[in-house]
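What follows is a single structure, written as structure tokens, with notes after it.
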Amino acid sequence: MARYTPAEIEPKWQDAWHEAGSFEARRTGDKPKYYVLEMFPYPSGRIHIGHVRNYTMGDVVARYKRATGHNVLHPMGFDAFGMPAENAAMASGGHPKTWTYDNIDTMVKQMKPLGFSLDWSRMFATCDPEYYGQQQALFLDFLEKGLVYRKNAVVNWDPVDMTVLANEQVEDGRGWRSGALVERRELTQWFFRISDYSEELLDALDTLDDWPAKVKTMQANWIGRSRGLQFAFSTVDAPEGFDRIEVYTTRPDTLLGASFVGVSPDHPLARQLERDNDEIAAFNAECRRMGTSEEELEKAEKRGFDTGITVRHPFDTSWELPVYIANFILMDYGTGAIFGCPAHDQRDLDFARKYELPVTTVFAPAMGEEGTFILPEEGGPAYVPPKAETVRYIKGFAGQEAQTGDEALEAAIAFCEEQGVGQGVTKFRLRDWGLSRQRYWGCPIPVVHCETCGVVPEKKENLPIELPDDVSFDVPGNPLDRHPTWRDVPCPNCGAAARRETDTMDTFVDSSWYFARFTAPRAETPTDRAEADYWMNVDQYIGGIEHAILHLLYSRFFARAMHLTGHLPETANEPFDALFTQGMVTHAIFQTKDKAGRPVYHFPEDVELRGDSAFLKDGTEVEIVPSAKMSKSKKNVVDPVSIIDQYGADTARWFVLSDSPPERDVEWTAAGAEAASRHLARVYRIASEAAASEASSQEGDEVLLREMHKTIDEVTKGVESFGFNAAIARLYAFTNALSKAEAGGEAKREAARVLAQLMSPMTPHLSEELWSMLGGEGLIVDAPWPEADPAMMVEDTVTLPIQINGKRRAEIAVPKDMDKAEVEKTALAHHAVVKALDGAEPKKVIVVPGRIVNVVV
RNA sequence: GCCCAAGUGGCGGAAUGGUAGACGCAGGGGAUUCAAAAUCCCCCGGUCGAAAGAUCGUGUCGGUUCGAGUCCGACCUUGGGCACCA
């Protein structure tokens, strides 16, 4: 009998699909369309097992939808701009462009043998001038509509390398390459007005029924709508022009517990004070030495500097509060100034205790719930109940004595407005999206700076503004900045000597509209409306949970901006109808330390495992950090090519789906690949036997075919709900049933054909082979998905467990449609129940038809 | 620090509030074989027991319910995100 030889059959069927043009997306016929998209990869160099898992999931959906009669669009491309290419150029002297395109070549060569049903004719990379030129056109359209503007913003500045650092390039406040202390520096940068869409982006989350709730929650929290009071304190002894300090608070009901006012080190007042006060200048400078990330600010020790200025309490002008400059206050949020109420905010309480400021409790637990409440001023923790909880106000000034935080908030706002102390406002945490990057390897921002005309947009006919190739990375800083022939251009407006913008775009811009470009990847405009109108939206988007906030939020903004500028229909404002976030593939990190004690990472293939220890080829022992997110910078990536070489693509595909639920992280182990391979060989063998079977006894036909219909039903449901591992478990069970079946040859062949079809989204090559072996018509990719016959799935009798006091003690087999009273009678007659009752009457009998019987004694 | 998840046998995991551990891996035993590989069959959460069975058991502690892995509250641990990694 022939053996399962993936190395022969996989290329054969890939050629057959290619010849038939099976996977080219076409707008033909009256079939419904289906657009399935996996988040496109960064061309890091080689594909890793996480890619295999991600694209196999998308391929299962794509192939299933194809089999259920859809025109499927399933494209692939590369998110090709970004820092690693520049880092590689700096490390080894090559060019980012060469590095990137070489990597793309390699990765395409590695992906094709996996047999994904991708329309490769639509492939592009975001670093193709044809792509980023259209992105520049979008930028100009956005600029015209006022969706882009310039303002100052701070960046991490490395004073030795003379370059801007990404947050991940800052380690313990020092530049990763130079080790120099990082400074915050303010630059004029480009911003998208995403915050204008805060409310809409938040409210529209409710319409995304097929998105995971956790992603919607994360986005909602990120956008962060809050209701509060904005008002001004009048100052005492403040410099001129600072008669008032505007603050924003979400807890105006705690105004009588105010203890101090805090302003950001970047607040205009702090900036004014540092001019004449060296101590304040030093404190502010110290604060600015911290990185720009929110995480770093929050984790840092909370510190303040007493400015000596005070403010008057709005309700009692004889009551003065000190004004501190505090390192934990963000200039970007609210007004950059707050009042602190230590009794009801742990951070404020820590601050008050540190600087010996008064603590005044405003509210306490409601009557009857005081319990062991310790007043914050008597050493207790800050009392911060949920705003929906009713509390008792001790120092309230508006509304009832007992009310919820929410009620008190509104009452306080109403009271303050009436008193002329500020007004209620709704604010959002979401900030505008800074897109300027002081780097070479990104999409050039298509504007020119002219001394007379100011900021001048490039003319669209000059697009794309291509990156110059003749650059080097041996000098610190952005090569575009020191490239005279590229940088120095005439003003598009007046023709005078001018300078091209040398900042490039954030790579999130590239990935915020690629899904739209896939609908017409060669169009002369960003989109072709006929194509976009047909193919949008993405029916199923699949990607990592790490993109839950930024990428997905930016894309939602871009879809709206592209609608405003005429590039997408309004129906595409929410571009992703359904989202599935697959878990990550994790893997141990292998690291050593360099002379300065900084970690140096090593690829798994460069590490030799001996027992629980690991060593480099030169014998150096390597530290193993278990189970971390796979990341190119940490080098803990697994190369699936060897798996494919050894076992074939179908085994790799089957294995990544079978071993773990798709939304959960999976720790890569090679152990299961062998088992997956054995199973596929077994399926091949069983199908071969079925193909040759001459058994004429039809005794077991019904049993087998009933099993088959149940399997069709469960696998279909599994595939539709991303329960791939459960679907595969069902296919294992059905394979066992087929192998043991005492059925006739015809029934076995039918069952084997259905098995091949049900497996075909996961193991398409093997399935084609079996299909042709079993006399299937045409290609299996063109065969319609099998349908389960409901009549074949009902059982005549059911087994009911009997519980006594909720614990299973026995079971009975009863006809499926036996009525409740009869079931109860049968159950009570069971000897285990009789014994448990011991002559007494049951207290209660619960009968859930078809499910369970519970006897309470 | 803040936001969001996850936690079930030796391992990966299954389970519309209704028989916890499907299916697979590893392990043990057997068949086949001159022998092996491959294949096939059986067993496989802990404790007690010869067995029948009993009893405990889904990170920890409480709660709701006739019934909780599933719902609620608190905690612990691990992971993701925190706006210049992509």
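Below, chain A is the first sequence line, B the second, and so on; all start at residue 1.
Counting all heavy atoms, side chain and backbone alike, A/C443 lies closest to A/Q135 at CB-NE2, 3.7 Å.
Counting to the nearest Å, the C1' atom of B/A83 and the CD atom of A/E298 are 14 Å from each other. When rounded to the nearest whole Å, the span between CG of A/L800 and P of B/C66 equals 21 Å. Residue A/I445 contributes atom CD1, which lies 13 Å from atom P of B/C84 at whole-angstrom precision. Whole-Å rounding puts the A/Y732 OH to B/G13 P distance at 15 Å. One atom, CD of A/E86, and another, C1' of B/A86, lie 14 Å apart when rounded to the nearest Å. We find that CH2 of A/W176 is positioned 16 Å from P of B/C84, with the value rounded to whole Å. When rounded to the nearest whole Å, the span between NE2 of A/H48 and P of B/A86 equals 15 Å. At whole-Å resolution of the value, CD in A/Q803 and C1' in B/A20 are 12 Å apart.
An anti base is found at B/G62: its glycosidic angle is more than 90° from 0.
Between A/F192 and A/F558, the gap from one ring centroid to the other is short of 6.0 Å. For A/F734 and A/Y732, the ring centers sit 6.0 Å or farther from each other. Aromatic rings from A/W513 and A/Y131 are positioned such that their centres are separated by under 6.0 Å.
Under the side-chain contact (heavy atoms from CB on, under 4.5 Å) rule, A/V853 has a single partner from A/T826, A/V848, A/V814, A/V847, which is A/V847.
Contacts of A/R664 with the nucleic acid, taken as non-hydrogen atoms under 4.0 Å apart, involve only primed sugar atoms and P, OP1 or OP2. Counting non-hydrogen atoms under 4.0 angstrom, A/Q189 reaches a base of the nucleic acid. Using a 4.0 Å heavy-atom cutoff across all strands shown, A/T217 reaches sugar-phosphate atoms only and no base atom. Contact annotation for A/R678: backbone-only contact, meaning every heavy-atom pair under 4.0 Å involves sugar-phosphate atoms and none involves a base. Residue-level contact check: A/V855 touches neither bases nor backbone, having no heavy atom under 4.0 Å from any strand. Within 4.0 Å (heavy atoms only), A/K299 reaches at least one base atom of the nucleic acid. Base engagement by A/W222 is indicated by at least one non-hydrogen atom pair under 4.0 Å involving a base atom. Residue contacts for A/V155: at a heavy-atom cut-off of 4.0 Å it reaches a base atom on one of the strands shown. Within the 4.0 angstrom heavy-atom criterion, no nucleotide atom of any strand lies near A/S739. Residue contacts for A/V848: at a heavy-atom cut-off of 4.0 Å it reaches a base atom on one of the strands shown. Base contact: A/Q438 has a heavy atom under 4.0 Å from a base atom. Residue-level contact check: A/R809 touches the backbone only, with heavy atoms under 4.0 Å from sugar-phosphate atoms and none from bases. Contact annotation for A/H547: base contact, defined as any heavy-atom pair under 4.0 Å involving a base atom. The residue A/I802 sits apart from the nucleic acid: no heavy atom pair falls under 4.0 Å.
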Fill in: Secondary structure string for RNA chain B (Watson-Crick or G-U under 3.5 angstrom, | for other-strand pairs)
(((((((..(((.....[....))).(((((.......))))).((((....))))..(((((..]....))))))))))))....
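Atom CD of A/Q189 is separated from atom CD1 of A/I445 by 9.0 Å, given to the nearest 0.5 angstrom.
Side-chain N/O atoms of A/N854 and base N/O atoms of B/C66 include a donor-acceptor pair closer than 3.5 Å. Below the 3.5 angstrom threshold, one finds no donor paired with an acceptor across the side chain of A/R851 and the base of B/U19. With hydrogens and angles left out, the side chain of A/E294 and the base of B/C82 share no donor-acceptor pair within 3.5 Å.
Ring geometry, A/H551 versus A/H547: the interplanar angle exceeds 60°, so the pair is classed perpendicular (tilted spans 30 to 60°). Ring geometry, A/F722 versus A/F580: the interplanar angle falls under 30°, so the pair is classed parallel (tilted spans 30 to 60°).
Remark: side-chain polar atoms of A/N854 are paired, donor with acceptor, to backbone N or O of A/G806 under 3.5 angstrom.
In this structure, A/R437 reaches the B/C84 phosphate: one of its side-chain N or O atoms is under 4.0 Å from OP1 or OP2. OP1 or OP2 of B/A14 has not a single side-chain nitrogen or oxygen of A/R730 nearer than 4.0 Å.
Toward the 5' end of RNA chain B, the nearer of the two residues A/I545 and A/N167, judged by each one's closest nucleotide, is A/I545. Between A/I686 and A/K807, it is A/I686 whose nearest contact on RNA chain B lies nearer the 5' terminus.
Geometric assessment of A/K302 against the ring of A/F351 yields a negative cation-pi assignment under the 6.0 Å and 45° thresholds.
Taking atom C1' in both B/U55 and B/G59, the straight-line distance is 22 Å, to the nearest Å.
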